[in-house]
Number of protein chains: 2
Amino acid sequence: MTKIKNMEEFAALSGISRPTVSKYFHDPDSVRPTTRARIEEALERFDYRPNIYAVNQNRKLTKNIGIVVPYLADPFFAEIARYLEQSCIAAGYRPSLFSSHGEQKLENDILDGLQSLKPAGVLLAPLGRTSDQSVIERFCANVPTVLFDSNLEGLGAAFIGSDNFSFVSQTVEYMIRTGEPPSFFEMRTPANPNANKRRKAYIEVMERLGFEPHIIRVDGKGWAFEEIGHKGALKVLAENGLRTNSVLCSNDRLAIGFLAACYEQGIRVGRRDDCALRLASNDDHPFAKFTCPSLTTAAHDYDNVAGRSVETLFELIESGGKFETRSETLFPARLVLRDSA
Amino acid sequence: MTKIKNMEEFAALSGISRPTVSKYFHDPDSVRPTTRARIEEALERFDYRPNIYAVNQNRKLTKNIGIVVPYLADPFFAEIARYLEQSCIAAGYRPSLFSSHGEQKLENDILDGLQSLKPAGVLLAPLGRTSDQSVIERFCANVPTVLFDSNLEGLGAAFIGSDNFSFVSQTVEYMIRTGEPPSFFEMRTPANPNANKRRKAYIEVMERLGFEPHIIRVDGKGWAFEEIGHKGALKVLAENGLRTNSVLCSNDRLAIGFLAACYEQGIRVGRRDDCALRLASNDDHPFAKFTCPSLTTAAHDYDNVAGRSVETLFELIESGGKFETRSETLFPARLVLRDSA
DNA sequence: ATGAAAACTTTACGCGCGTTAAGTTTTAAG
DNA sequence: CTTAAAACTTAACGCGCGTAAAGTTTTCAT
């Protein structure tokens, strides 16, 4: 089989002119069915594909889509990224996946490098508190961007995420309905703005139900939440820092660390009579099903958050990269009852 | 500040001719220090960067490097990918990360798409047993490829991975030294060739030490190892399928499922007297520290596997994409004693 | 059959940069 | 100061494709 060098050559072999072949690759439906058939027939015989560099250099808009998550070693983001990737591919785009690995410099570098990719759009889950707002603002001004998971006020053309109030109200109400009101366990300086919303929601729900909020803040920086939760829980348990037998963790990864600490200390966690503690959490982390005990938690609406994010980005791209007004879409949580509370 | 359109314009503004500027971007050390200074001075004033599409179209070899892992939702691969990414960037390359998500079709599609990126090289951790060997073979013939983690006999210019015998011999010997000989717990049809090597190593070590190997194979397909381990363990425990009080899991993710099953069944795992079972495993998964109990396991030499992989790829690229002979490099495991055995 | 619209072909230019060739300036050694 | 090598400048071509203009063929409703 002859090696095809360029579109010129392929066009000749298929018996169609190059401009028409070019049109075909841009949109197969834009050419007559008979010529389309001839091109696709040749395509099967010769296996040619346009040089993406030449294509991208000349097209005003590439078919690239950037996907940026803050921490890919968290399976939660890996799963979301997977969904986003697949949706982009299905829509005929070329996704590129990036992880900021929890570091501001990396996030900045990624956005910087992304600009020279001239992407049609970007799906960005920012680091949050540790993001460099000015960098992200500048980026969003140049590239059609949809924020997801972590909201930065006013940045990006739209935000899609989860309704943190829905998470916390469901877990808190459940715990109160079935036992003592929970303390709230979180990091002192959370990386993610969702954490702040969850704390506020906790306070609001507790007060509305006539209970005094009790917040436990543990030290620790970065994205090693399990480690932070573990250390923090050991300290709290040693100091007898709990007011009731119920704890609500800000997120599942902290809870995983908390559960490990309880296990080490011989504290049985669960809703059965022989348990000393009930622990619930938020996120429905992929591993929450396999903690000991399995974790009662509020689940993200993965499918809707991811699905709506790509849909919104596609709308944004089709609208020429700008929306009239910035929208924020929040999906409610689904309470997942397991054994820990 | 004026917007720079292309290298021509930037060259004019910096007072240097375009071919020299082009040379500079290819290798800053290839121009005279004085001209280099003038270019970099202009670079600070004007913030210009070459159009990567035009660059890549014209250079014979791009600076792109593909990184392909089989399953990114496994934090093990996320961590490795992170290391590989950073090493590539540090060496002046542009890494692109892809996950096959456990599916052959996706792996094929990724390799297919990777070809049109004309990468300088690719770091590939294949799916293993479920890989389409012919596709990978064809790919490796066209693109300088270093395999890592999962070896496919004869494919790629080199393989870097862990010495599975070292893993299993250390865990088995430790368990025998400190208690009863372990059964080996694994999937019936493992996705990964490492699993087969581990089984063989188990049999060999057991026989050498004068014990009869006992292998427990559980059903389940795909990459949801925790779930498979969990279901399989429940079955084994229900059927009293263990010969001794010791179990060695083929990998940590299976062990995580196993531990969850034990917890549910009220079986205490650990090396203390009040424990009914000892469980060890292999990989030192990022979460192994936070299982209940924490997992005794054999750790990959992450740094060396990842480090040597990129080094080898760089050597390969500098050698023009071919090695005289295919090399296989295996790094030994490090036994990590925790509470489960 | 007729005409206009739609789709095609041919021709040609442009994108931004790599790269080469020929001529000029700078550098550093003698 | 001489001189040759090294580094530069100018000029020009090519990469593979998008795209526009002008002319030709096909299609399809009347």
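Being a predicted model, the structure only gives us computed values, none of them experimental. We name chains A, B, ... by the order of the sequence lines, and we start the count at 1 in each one.
- Positionally, the nearest nucleotide of DNA chain D for A/His26 lies more toward the 5' end than for the other of A/Arg32 and A/His26.
- Note that CG of B/Leu313 and CG of B/Leu147 are 11.5 Å apart. Values are rounded to the nearest 0.5 Å.
- Sorted by first then second residue, the salt bridge (charged side-chain N to carboxylate O under 4.0 Å, His left out) pairs that include residues 111-140 of chain A, not counting sequence neighbours, are A/Asp112-B/Arg49.
- Atoms CD (A/Glu9) and P (D/dC17) sit 10 Å apart, rounded to a whole Å.
- When the P atom of C/dG18 is taken as reference, atom OH of A/Tyr53 falls 14 Å away, rounded to whole Å.
- Sorted by first then second residue, the ring pair (Phe, Tyr, Trp, His ring centres under 6.0 Å) pairs that include residues 117-158 of chain A, not counting sequence neighbours, number zero.
- Rounded to an integer number of Å, the gap from A/Asp29 CG to C/dA6 P is 17 Å.
- As rounded to whole Å, 18 Å separates atom P of C/dC17 from atom NZ of B/Lys60.
- Distance from the side chain of A/Val31 is smallest to C/dC8 among C/dG18, D/dC8, C/dC8.
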Base versus backbone protein contacts along nucleotides 9-16 of chain D [heavy-atom cut-off under 4.0 Å; B, S, -]: BBBB-BBB
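- A/Glu153 pairs by the side-chain contact (heavy atoms from CB on, under 4.5 Å) definition with A/Asn151, A/Glu328, not counting sequence neighbours.
- The shortest distance between the side-chain N/O atoms of A/Lys23 and the OP1/OP2 oxygens of D/dT19 is not below 4.0 Å.
- The distance from atom CZ of A/Arg36 to atom P of C/dC8 is 12 Å, rounded to the nearest whole Å.
- In terms of the side-chain contact (heavy atoms from CB on, under 4.5 Å) criterion, residue partners of A/Ser319 (sequence neighbours excluded) are, by chain and number, A/Phe323.
- Residue A/Ser22 places no side-chain N or O under 4.0 Å from the OP1 or OP2 atom of D/dT19.
- Applying the ring pair (Phe, Tyr, Trp, His ring centres under 6.0 Å) test to every pair with at least one member in residues 54-92 of chain B, sequence neighbours left out, gives these pairs: B/Tyr71-B/Trp223, B/Phe76-B/His300, B/Phe76-B/Tyr302.
- Regarding B/Phe25, its CZ atom lies at a distance of 17 Å from the C1' atom of C/dT19, rounded to whole Å.
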